[in-house]
Amino acid sequence: MKNYIKLTFLLIATACTKEVDFPTEDTGKIYVNAIISDNGANSITVAVSSPFSSSSPANAEDVTVTMTVDGRLIDLTPDMESSTPEAVIYVPEVSFMAGQELVLSAATEGLQTVNARSVIPDKISETSITKEVIAAYKDKDPDYPSHLRRTLWEFDVDIMEEIKDAPYFGIQILRRKRYEYVGNVPDKELRNYNNNDEPIEIDNLYNNAELPDNGTFSSIRKEMIINTGDGEMQVVKGEISDGRTRISACVEPCRSRLETGTYNSAGGVIYEVNSFYEHKVILCRLSQETYDCLKARYILDNSQQMVDFGFTPPSYTYTNVIGGLGMFGAISTYESDWKNYE
């Protein structure tokens, strides 16, 4: 029996051995990375991937980049301070508005010309923002939440219309510490607890996960939490019902507290400094191309390698840069007012 098992294993091992000649490209590809917003500064990064056989980095300074807005050619100025020969950053010299069609082209000798298109989504209309206190298994990954049940704040943003065409959004929750003064606060304490000195922070986001009776974790919503470089953003498809589109995000609660104070012998307040947090919601409406590219990057970044078997799982790949690599997306933005939600 032992010899039979050994022979069977040997046959399987030898039968699965085969030399594979993987095709390689003799030339590189033009890489584009940009998400154009209707609010704030914009930039476009252009690079060139090196071919497999190359031992030196490709030069992106030789790439000619053009861009049109609704068919009109616009100026792109290289940001020489931030650029390198391997990656050139271009700054559009115009402001953008919702509904505009953006078309980008990049070309250089010896490489395939690339083209990309995106349309800035319509502006977000009237919204209603509410906060709900929930108990959830806090974690970043909806499939592997923490076993500790925690209290979270869920911010629900209702857009007062049903957005059925590409209802994709990115949401960030900002917070800032504020101070409330009671009585005659000394100048020293006012300097120590100054509203103007407190930074604005992008809050950490968490999935709203639940633990069913069978003990297997699941998620109420399959959110994608991505790092934008400045902080975390949750990318999600809006939930449409009753004439509204809802987008939700969860953060840890913020509590008000007494920072300092002085009292008289009768227990009366001479002065107090209390702190609390205000929150602001940043909501980005994503074009279809932007959502698809972010989804592809999220899946690629979070795919788990099957190290024991020497394989990696198939990865979802998508690019709207025709003939090249990267992404060329567009978003419209909405910012709420600052508010204390406690």
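Every value quoted in this text rests on a predicted model; they were computed, and no experiment measured them.
Annotation: side chain to side chain donor-acceptor pair (under 3.5 Å) contacts of K280 (sequence neighbours excluded): E335. With sequence neighbours excluded, the residues forming a side chain to side chain donor-acceptor pair (under 3.5 Å) with N33 are R297, listed by chain and number. With sequence neighbours excluded, the residues satisfying side chain to side chain donor-acceptor pair (under 3.5 Å) with D79 are S82. E272 pairs by the side chain to side chain donor-acceptor pair (under 3.5 Å) definition with Y263, not counting sequence neighbours.
Separating the CG atom in D292 from the CE atom in M327 is a distance of 9.5 Å, to the nearest 0.5 Å. In this structure, CD in E161 is found 9.0 Å from CD1 in I124, a value given to the nearest 0.5 Å. Taking OG1 from T108 and CG from N59, the interatomic distance works out to 8.5 Å, rounded to the nearest 0.5 Å. One finds the OG atom of S83 at 10.0 Å from the CD atom of E81 (value rounded to the nearest 0.5 Å).
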Q. So V235 and Y168, side chain to side chain contact (heavy atoms under 4.5 Å, CB included) or not? Walk me through it.
A. CA-CA 7 Å; V235 177; Y168 303 113; 5.9 Å; no

(Q) Evaluate L283 against F169 for side chain to side chain contact (heavy atoms under 4.5 Å, CB included), listing each step before the verdict. (A) CA-CA 7 Å; L283 195 60; F169 300 89; 4.3 Å; yes

Q.
Before you tell me yes or no, could you show the steps for N340 and R178 under side chain to side chain contact (heavy atoms under 4.5 Å, CB included), namely the whole-Å CA-CA distance, both residues' side-chain angles and the distance that decides it to 0.1 Å?
A. CA-CA 9 Å; N340 179 6; R178 300 281 92 181; over 6 Å; no

Q) So S248 and E154, side-chain hydrogen bond (donor to acceptor under 3.5 Å, both in side chains) or not? Walk me through it. A) CA-CA 7 Å; S248 300; E154 180 179 86; 4.5 Å; no

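The number of heavy-atom neighbours closer than 6.0 Å to NZ of K339, taken from other residues, nucleotides and ligands shown, is 12 or below.
Under the 4.5 Å side-chain contact rule for hydrophobic residues, M67 and V48 share a cluster. Following chains of ILVMFWY side-chain contacts shorter than 4.5 Å, one can reach W338 starting from I202, so the two form part of one hydrophobic cluster. L104 and Y31 fall into different hydrophobic clusters, where Ile, Leu, Val, Met, Phe, Trp and Tyr are joined by side-chain heavy atoms under 4.5 Å apart, directly or via other members. Cluster membership check: I89 does not share its hydrophobic cluster with F96, using side-chain heavy-atom separations under 4.5 Å among Ile, Leu, Val, Met, Phe, Trp and Tyr.
Closest approach of R176 and I200 over heavy atoms only: CB-CG1, 4.3 Å. Considering every non-hydrogen atom in both Q234 and A249, the closest pair reads NE2-CA, 3.9 Å. The minimum heavy-atom distance linking G28 with L111 is given by the pair O-CD2, 3.2 Å. Across every non-hydrogen atom of R117 and V119, the tightest pair is NH2-CG2, 3.3 Å. Nearest heavy atoms, Y341 versus K131: O-NZ, 2.9 Å. For the residue pair A330 and P121, the shortest heavy atom distance occurs at O-CD, 3.7 Å.
Cluster partners of L190, by chain and number: Y179, Y181, V185, Y193, I270, Y271, V273. The rule joins Ile, Leu, Val, Met, Phe, Trp and Tyr whenever side-chain heavy atoms lie under 4.5 Å apart.
Screening residues 164-175 for salt bridge (charged side-chain N to carboxylate O under 4.0 Å, His left out) gives E162-K164, R175-E201, R175-D203 as the qualifying pairs, with residues at least two apart or on separate chains.
Between the side chain of T319 and the main chain of G326, a donor-acceptor pair closer than 3.5 Å is present. In terms of modelled atom types and a separation under 3.5 Å, the side chain of Q100 and the main chain of M97 share a donor-acceptor contact.
Ring geometry for H279 versus Y277: interplanar angle of 30 to 60°, hence tilted.
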